[in-house]
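In listed order, ligands and their atoms are each counted from 1. Computed from a prediction, not measured in an experiment: that's the story for all the values here. Numbers for residues simply follow the sequence, beginning at 1.
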Amino acid sequence: MNLLDLHSHLLFDVDHGVQTRNLYRALLLEYRKAGINTLVLTPHLFHPTVKTKVENIRENFALAKEDASKVGIRVVLGAELYLGTQIEVRTIPIAGRYALVEFPVSGKPIGLDRKLGQLLDQGLEPVIAHVERYPWLRPDGETFRMLKDMGAWIQVNVSGIENKTAMPYIQRDQVDIIADDNHGDRTLPGRLRACLDAYPEIAARMESLDL
Ligand SMILES: [Fe+2]
């Protein structure tokens with residue numbers, strides 16, 4: 001089985017995720033130990049409070065790829081796009097195909113459907129990061145239905161499973177992806193593996209992603 005992590009801040013020295021290449025290398029070994037062999041690196045883009053050194057992304061990704069190939073791990077570049085007040089929606093799509101997006105926790109962004117529509121117009125499939133985090137989004141609500149109707153993939157975090165906030169989505173069988181959103185925690189690879197083992201039907205859905 002090809003196990004993967006679709007949402008992570010492992011790309012070092014670009015944002016408030018992993019800060020050093022050494023820690024990144026140590027984390028690679030933890031993922032390998034956990035049997036997770038594909039990592040999608042998704043630095044923040046357009047986040048209102050997290051500063052991203054966009055100019056470091058490509059260069060550091062090349063180094064990250066070198067390190068990963070030495071330990072038999074495949075890395076894929078993407079981004080976690082914050083959908084807030086921007087007019088023009090742009091991102092680094094995962095494998096040229098998936099747009100991982102997050103929203104403000106405080107409330108539904110104005111023009112959300114139009115913004116997601118821009119991604120669809122670019123031929124991208126939205127992936128909604130950590131759905132369990134938004135108090136304004138409910139698995140039985142209209143906005144969630146809109147997301148499903150547009151074919152969005154639904155992602156929850158390992159922490160959301162552990163603290164049960166993701167359970168309303170899991171119990172309704174609405175989750176497509178479990179990821180760890182790792183900002184540098186060495187325990188998360190093993191915890192992600194435990195979640196994937198606990199929910200094999202979700203792990204199987206993740207295998208249908210074309211990365
Ligand atoms: Fe994230």
Would you list the protein N, O or S atoms within less than 2.8 Å of the Fe ion (ligand 1), leaving out water?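 You should have found H7 NE2, H9 NE2, E80 OE1, D181 OD1.
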So, does D5 use its side chain to make a donor-acceptor pair with the main chain of D180 at under 3.5 Å?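 Such a contact is found between D5 side chain and D180 backbone.
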Just do the side chain to side chain contact (heavy atoms under 4.5 Å, CB included) check on R133 and V105 with the steps written out, would you? CA-CA 7 Å; R133 192 178 285 183; V105 174; 4.0 Å; yes
Hey, what do you get for CG (D181) to CD (E102), rounding to the nearest 0.5 Å?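 With rounding to 0.5 Å, CG (D181) is 8.0 Å from CD (E102).
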Do N163 and T165 have side-chain atoms, one donor and one acceptor, less than 3.5 Å apart?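 Yes, a side-chain donor-acceptor pair sits under 3.5 Å.
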Mind telling me whether H9 and H7 have parallel, tilted or perpendicular rings, with 30° and 60° as the class edges?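 If you compare the ring of H7 with that of H9, the planes turn out perpendicular.
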Could you label the plane-to-plane angle of the F103 and W136 rings as parallel, tilted or perpendicular, counting under 30° as parallel and over 60° as perpendicular?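 It falls in the tilted class, 30° to 60°.
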